[in-house]
Amino acid sequence: MQKQVQPRRQRRRKRRSWVRAAVIIVFAAAAVTGLVKCLIHPPTVSSPDGSADSAAASSSSSKDDSPTPTTRKDQFYTILLSGVDDDNGGSDTNILVTFDAAGGSIHCVSIPRDTGAYINGSAHKINLASKTSTAKLAETVSHLLGIPVDFTIEVNLHGFVELVNAIGGVDFEVPIDMNYDDPTQNLHIHFTAGMQHLYGEDALKVVRFRHNNDGSGYGTEDIGRISTQQAFLKAVAQQTLTLSNADKIGKFAKIFQQYVTTDLEVGELAWFGTQALSIGTENITFSTLPGAWSDARALYLLDTEAVLELVNESLNPYVLDRTAEGLQIPT
């Protein structure tokens, strides 16, 4: 049987069709890549004079290489993260996150809720500001530490529960025996010290625990609880920032939309996410604002010298060091 030979014109037509398809695919891929890159972008921050300025570019000093007091570091941002409890009002947890994308590090400093701060001209517990608004809390933290708060992220504690459940729970070393019951809140916390696999509701109980019904517990109340919160958040970060959770991005996005309020744009949040993956959890560190409880003032009073050192080492978004005069710390 004689083999049929395709006409040359038909073969050329088929080759041209494949070439056209390949070209279309290449340009479509380029368009998608370009769109993603346009959507994902570093945030823009406001300079003290009110002008918009990108921290990604604002670190370039003046042409004589002399930085001004407001010259910013490259890709260095401050974000106030607050955990909000709808039932009690105010923020249950406040953490100032400094995101140094250029330097490859993330530092999280916990702010005790009883920290003394000036609010409307008088010294109060900083938690009072959170009960007013997130904006008021950010302003108070900024004045307290002498640095700007670029952005805020407010997380409803129900969102915390959903996130922990979404990543399949977290293996966590519960630091002490916890036995606390408050029937008025229908709150019952019972855990034995040691390694536990915690899902959302139990995880929330562990990070909110302060003391047992008999008065035992951390001994330092809020400061002890902060240490547990920091350890747990690092465990969550280690489990969340893994490739194994790549298929859960849609679920994370849904949780974010439902339980998170922020002044960051979607593209900016995506940029922080990609940067966090490259930075890695080994470069995420935690600390607590240094100070001590004052019975006389009924406040957690900050140590100005130690706070200034912490600010300049880990929190300051400016090229030049801050000075004690720039901090507004009650004594």
Side-chain angles (χ1 to χ4, degrees), residues 36 40 79 81-87 91-95 97 99 101 104-108 110 153-180 185-210 218 224-262 264 266-286:
V36 169
I40 300 177
I79 305 167
L81 176 64
S82 299
V84 180
D85 182 355
D86 280 343
D87 297 328
S91 53
D92 199 58
T93 300
N94 295 304
I95 300 174
V97 179
F99 200 106
S105 67
I106 299 172
H107 187 75
C108 309
S110 295
I153 297 178
E154 188 179 277
V155 182
N156 185 291
L157 293 183
H158 297 297
F160 172 86
V161 171
E162 293 296 328
L163 174 61
V164 174
N165 286 336
I167 61 177
V170 176
D171 290 327
F172 184 68
E173 186 86 23
V174 176
I176 59 175
D177 290 339
M178 299 180 177
N179 290 289
Y180 179 80
Q185 296 187 61
N186 193 27
L187 179 61
H188 306 281
I189 304 175
H190 296 283
F191 297 97
T192 302
M195 183 60 70
Q196 310 265 0
H197 187 78
L198 302 174
Y199 288 96
E201 291 290 350
D202 284 343
L204 183 59
K205 290 178 181 179
V206 167
V207 299
R208 296 188 69 184
F209 173 83
R210 292 185 182 219
Y218 292 122
R225 182 179 70 153
I226 282 173
S227 178
T228 298
Q229 290 175 345
Q230 292 174 347
F232 189 83
L233 287 174
K234 185 141 193 178
V236 170
Q238 288 172 337
Q239 191 156 328
T240 304
L241 298 177
T242 61
L243 292 177
S244 62
N245 279 316
D247 61 338
K248 299 176 182 175
I249 291 175
K251 185 178 289 187
F252 293 158
K254 186 176 180 180
I255 292 171
F256 195 91
Q257 290 175 341
Q258 187 172 356
Y259 296 108
V260 173
T261 303
T262 181
L264 284 162
V266 173
E268 295 169 339
L269 286 164
W271 183 85
F272 278 119
T274 58
Q275 295 298 313
L277 283 170
S278 63
I279 288 172
T281 56
E282 67 275 11
N283 294 309
I284 300 177
T285 55
F286 289 85

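Keep in mind that what you see is a predicted model, and the values were worked out from it rather than measured.
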Please name the pair of heavy atoms, one in Gly168 and one in His197, separated by the smallest distance, quoted to 0.1 Å. O-NE2, 2.9 Å

Report yes or no: does Ser278 contribute a side-chain atom to a donor-acceptor pair with the main-chain N or O of Gln275 at less than 3.5 Å? yes

Which residues satisfy the side-chain contact (heavy atoms from CB on, under 4.5 Å) test with Asn283, sequence neighbours excluded? Ile279

Do you know which two heavy atoms are closest between Trp271 and Ala101, and how far apart they sit? CH2-CB, 3.6 Å

I need the Leu81 CG to Glu154 CD distance, nearest 0.5 Å. 10.0 Å

Contact between Val236 and Ile167 at the side-chain level, heavy atoms closer than 4.5 Å - yes or no? yes

Indicate whether any N or O donor in one side chain lies under 3.5 Å from an N or O acceptor in the other, for Thr93 and Gln229. yes

Over 60° means perpendicular and under 30° means parallel, so classify the ring planes of His188 and His190, tilted if in between. parallel

Single hit among Ile95, Val97, Val260 for side-chain contact (heavy atoms from CB on, under 4.5 Å) with Ile153: Val260

When you measure from the side chain of Asp177 to the backbone N and O of Ala193, does any donor-acceptor pair fall under 3.5 Å? yes

Suppose we call two aromatic rings close when their centres sit under 6.0 Å apart. Are Phe172 and Phe191 close by that rule? no

If I take atom CE from residue Met178 and atom OG1 from residue Thr192, how far apart are they, to the nearest 0.5 angstrom? 10.5 Å

Can you list every pair that meets side-chain hydrogen bond (donor to acceptor under 3.5 Å, both in side chains) and has a residue in residues 250-261, with sequence neighbours left out? none

At what distance, to the nearest 0.5 angstrom, does CG of Leu157 lie from OG of Ser82? 10.5 Å

Is there a donor-acceptor pair closer than 3.5 Å between any side-chain N or O of Gln239 and the backbone N or O of Gly169? yes

How close do Val170 and Ala235 get, heavy atom to heavy atom, and via which atoms? CG1-CB, 3.7 Å

Test of understanding: with side-chain contact (heavy atoms from CB on, under 4.5 Å), list the residues that count as partners of Ala253, not counting sequence neighbours. none

Heavy-atom pair of closest approach, residues Thr285 and His107: OG1-ND1, 2.6 Å

Would you check if there is a donor-acceptor pair between the side chains of Thr228 and Tyr218 at a distance under 3.5 Å? yes

Considering all heavy atoms of both residues, which atom of Ile255 and which atom of Gly159 are nearest to each other, and what is their separation? CG2-O, 3.9 Å

Work out which heavy atom in Ala203 is nearest to a heavy atom in Val164; give both atom names and the distance. CB-CG1, 4.2 Å

A side-chain contact here means heavy atoms from C-beta on lying under 4.5 Å apart; do Glu162 and His158 qualify? no

How many angstroms lie between atom CZ of Phe272 and atom CG of Leu264, to the nearest 0.5 angstrom? 5.5 Å

Measuring from Lys205:NZ to Tyr180:OH, what's the distance to the nearest 0.5 Å? 12.5 Å

With the side chain counted from C-beta on, respond yes when Leu187 and Arg208 share a heavy-atom pair under 4.5 Å apart, and no when they do not. no

Working note: Phe256 + Leu163, criterion side-chain contact (heavy atoms from CB on, under 4.5 Å); need CA distance, chi angles, decisive distance, verdict. CA-CA 9 Å; Phe256 195 91; Leu163 174 61; over 6 Å; no

With rounding to the nearest 0.5 angstrom, report the CD1 to CZ distance, Ile106 to Phe286. 9.0 Å

Is the ring pair Phe160/Phe232 parallel, tilted or perpendicular, if the boundaries are 30 and 60 degrees? tilted

